[in-house]
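Take a look at the structure below.
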Amino acid sequence: ASAALAILLVSTINGSTPTAAQTTPVKPNFVFILTDDMRQDDLKYMPKTRDLLGAQGMQFTNAFVSNPLCCPSRATIMRGQYAHNTGVWTNTPGPDGAWEGYKNHGNEQDNIATRFHSAGYRTGLFGKYFNDYDGTTVPPGWDDWFGVPSGTGVFNYYVNDNGTQKFFGNSESDYATDVLSRETQSFIDASVVANKPFLAYVAPKPPHEPAVPAPRHVNTFNGEKAPRLLSFNEIDVSDKPPSIKSLPVLSSTQIAEIDAHHERRVESLQSVDDLVEAVVNKLQNVGALNTTYVVFTSDNGWHHGEHRIKSGKSKPYEESIRMPLLVRGPGVQAGTTTDKLTLNTDFFPTFTDLAGVTTPEYVDGRSLRSVLEGNATTWRTAFLLERRDVQNSSASFYGIRTSDGRKYIEYEGGFKELYNLK
């Protein structure tokens, strides 16, 4: 008995006796930052984000969305499902579109927020929810809600702040992205004080049109031209579907407008770059950075004159479907890159896997955990592209994009495209 007591005393002195904190695994936190209409190559204009997330984490070179439109993509993120399973196909309010469509299919009752809330996480949404969201309600599952009604600008707007309408004016501090940054930081503070794991969904507006930069960033990229890819203002579109064949060659005036819009877009992204930096610094200051996954991506891309498309998204082309994706967090080796095919269906199951939360059976995506930890062996070699346009059926398509760079698309009108992107 005396020997056992001596061993216990020595263990206590050496600090080897397990404490409650040591025996209880620390639940990871998640900060998910989702830009609006940002394409992959826009990331080159965000040095802080590349440095703090890319250089300190993993960059995904083959990250995609299956349906390159705001509401379908956001529904996919919330549910981990393709659009044909969420039932959300368009940005237009209706049974299958926008916030109305998302609610109509019962998605508000069971999603990433409700699942994490039930698992003991503090959940918070800051920014854009869905097109047609009117700011009147706080959806189930969110502990901290700062929802920006659809169609508002970056100055002079109302926000639903946990059920209270709050107005922000036109002073410099009211700029929407900066407000979201402060709200996110407050949420992190409150979560740490409450000693609860947290999931923050942060959805700033940039670089969505009209792409209004913060006052401090106006003119920072004067004269910046849009990318000139090989597909820019394509001369021969005879192999394209009728909707592209009918487009005229871009005029010099149109090209100037594309460049001016691109300049505003990249200037507007500077505030998002600042938000990323502020959030990472906040996590560092409260001692939560080492237990937090910070994920940065976009809901869909944007066209800058490629294939004669002056603007917009919703096409099966790379400019619409290819996303920036950076992930920093526990077990993610700094400065790594992966070419594994990833989709917006994957965020939900990745977070549940990392958090030890049960992944719903309805989820279509797969956990990126093995990719993030660098031990993935077999992986997907293809994914589905899909769009159903109820207003213009000929724009509807299904397609397959493979890991070796092949893409096959069938449009509702019968037109087909086959590409070898390599």
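Listed by first and then second residue, the ring pair (Phe, Tyr, Trp, His ring centres under 6.0 Å) pairs that reach into residues 56-83 are F64-F383, Y82-H84, sequence neighbours excluded.
Residues Q185 and S181 bring a donor and an acceptor atom of their side chains to less than 3.5 Å of each other. Between the side chains of D161 and T164, not a single donor N or O lies within less than 3.5 Å of an accepting N or O. Looking only at atom types and distance, the side chain of T123 has a donor-acceptor partner in the side chain of D143 under 3.5 Å away. Side-chain contact of R322 with N62: a donor-acceptor pair under 3.5 Å is present, judged by distance alone. Residues H217 and E267 bring no donor and acceptor atom of their side chains to less than 3.5 Å of each other. At a cut-off of 3.5 Å, with distance as the only test, no side-chain donor of E386 or W89 sits close to an acceptor on the other residue. For the 3.5 Å distance criterion, the side chains of S320 and H303 qualify, holding a donor opposite an acceptor. A side-chain donor from one of Y411 and E417 sits under 3.5 Å from a side-chain acceptor of the other. If you check the side chains of D273 and T49, you find a donor sitting under 3.5 Å from an acceptor. In summary, the side chains of T345 and D364 do not present any donor paired with an acceptor at a separation below 3.5 Å, with no hydrogens or angles considered.
Less than 6.0 angstrom separates the ring centroid of F116 from the ring centroid of F30.
Relative orientation of the F198 and F187 rings is perpendicular, given thresholds of 30° and 60° on the angle between their planes. Under the 30°/60° scheme for interplanar angles, the aromatic rings of F221 and Y45 are found to stand perpendicular. Between F167 and Y158, the two ring planes are tilted [angle within 30° to 60°].
Judged as a salt bridge (Lys or Arg N to Asp or Glu O under 4.0 Å), and not counting sequence neighbours, K205 has no contacts.
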Stepwise salt bridge (charged side-chain N to carboxylate O under 4.0 Å, His left out) test for R228 and D259: CA-CA 10 Å; R228 298 294 196 262; D259 288 337; 3.0 Å; yes

- Task: Determine, stepwise, if the pair Y201 / F126 fulfils ring-ring contact (aromatic ring centres under 6.0 Å, His included).
- Result: CA-CA 6 Å; Y201 179 103; F126 310 94; 9.4 Å; no

Practice prompt. Please test K103 against D132 for salt bridge (charged side-chain N to carboxylate O under 4.0 Å, His left out), starting from the C-alpha separation and ending with a verdict.
Written response: CA-CA 11 Å; K103 291 187 295 180; D132 189 41; over 6 Å; no

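Here the CG atom belonging to N131 is positioned 3.5 Å from the SG atom belonging to C71, to the nearest 0.5 angstrom.
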